[in-house]
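Here is the structure we will look at.
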Amino acid sequence: MVAGIGAVSPPPVCDDAWNTEHRAEAPLQRADRNFAELLQELRVAQTGVQILFAFLLTLSFMDRFAGIDAFQRGVYVFTLVASATTAALLIAPVAVHRLLFQRGRKRELVRAGHRLALAGLLTLVATMLAGVLLVLDVVIGRVAAVSVTAALAGMFVTLWVGLPFRLRRGGPPPMDR
């Protein structure tokens with residue numbers, strides 16, 4: 001069979017037996033490592049979200065804000081709420097950790113944190129695209145702003161969804177060709 005064509009990818013490596021055999025890692029050690037990795041990923045995303053949220057909070061106090069139209073005001077409100085939602089989702093694993101601390105629930109914490117991080121990334125992309133749409137609508141006009149934002153949405157889907165799913169299937173990343 002030709003590599004990549006009709007090939008069956010190996011099952012995902014996510015079970016405790018594999019980790020014990022190949023990493024000499026007990027289930028709780030794995031949970032500790034996974035939570036540490038999750039927190040590191042969240043640190044990267046949280047900083048940008050918090051800066052964007054702070055900027056959005058101050059934007060409505062600018063003199064030029066009074067001159068925006070109804071569409072721009074709607075996009076602004078959506079962006080502000082999406083930014084707050086993103087911050088809540090990306091910070092939630094820390095709050096959950098504090099409330100579950102030393103209760104022997106690390107594996108559940110990792111699963112919940114994973115789901116919260118995925119939801120946070122979804123709202124993050126919505127926040128970023130809405131922010132770009134708002135700024136571009138003011139700077140270059142609505143039609144061009146929608147076109148550029150749609151292209152950026154395609155890029156996000158390709159990089160944040162398409163590439164990881166391709167790698168999960170076992171295919172080579174597009175850059176290796």
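Any value given below was found using the heavy atoms of this structure, including those in side chains, with hydrogens, waters and symmetry copies removed. Everything numeric here is computed off the predicted structure, so don't read it as measured data. Counting from 1, the numbers follow the sequence of the chain as shown.
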To the closest 0.5 Å, what do you measure between [atom1] ([X]) and [atom2] ([Y])?
X      : Y     : atom1 : atom2 : answer
Leu57  : Leu80 : CG    : CG    : 5.5 Å
Ser83  : Ile51 : OG    : CD1   : 11.0 Å
Leu122 : Leu89 : CG    : CG    : 9.0 Å
Met62  : Thr58 : CE    : OG1   : 4.5 Å

Please determine whether residues [X] and [Y] belong to a single hydrophobic cluster, defined as Ile, Leu, Val, Met, Phe, Trp and Tyr linked transitively by side-chain heavy-atom distances below 4.5 Å.
X      : Y      : result
Met128 : Leu159 : yes
Val148 : Val139 : yes
Phe53  : Phe65  : yes
Val77  : Phe71  : yes
Phe78  : Val81  : no

Under the salt bridge (charged side-chain N to carboxylate O under 4.0 Å, His left out) rule, what pairs show up with a residue in [range], not counting sequence neighbours?
range            : answer
residues 45-59   : none
residues 146-158 : none
residues 109-135 : none

Could you go through residues 151-158 and list every donor-acceptor pair under 3.5 Å that involves a side-chain atom there, pairing it with any protein atom two or more places apart or in another chain?
unit_1	atom_1	unit_2	atom_2	d
Thr158	OG1	Gly154	O	2.9

Exercise for review: Please name the pair of heavy atoms, one in Pro93 and one in Gly113, separated by the smallest distance, quoted to 0.1 Å.
Suggested key: CG-CA, 4.0 Å

Study note, to complete from the structure: Of all heavy-atom pairs linking Ala144 and Ile140, the shortest is CB-CD1, 3.6 Å

Review point. Which side chain to side chain donor-acceptor pair (under 3.5 Å) pairs, counting each pair once, include a residue from residues 122-140, with sequence neighbours left out?
Key: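 Output for this query lists Gln72-Asp137, Thr86-Thr123, Thr86-Thr127, Asp137-Arg142.
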
With heavy-atom distances below 4.5 Å as the criterion, would you say the side chains of [X] and [Y] are in contact?
X      : Y      : result
Leu129 : Val132 : no
Thr79  : Leu133 : no
Trp160 : Leu124 : yes
Phe165 : Arg168 : yes

Check your understanding: Quick one: does Tyr76's side chain have a donor or acceptor within less than 3.5 Å of a partner on Leu56's backbone?
Key -> yes

Exercise for review: Please name all residues satisfying side-chain contact (heavy atoms from CB on, under 4.5 Å) with Phe61, sequence neighbours left out, ordered by chain then number.
Suggested key: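 For Phe61, no residue satisfies side-chain contact (heavy atoms from CB on, under 4.5 Å) once neighbours in sequence are set aside.
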
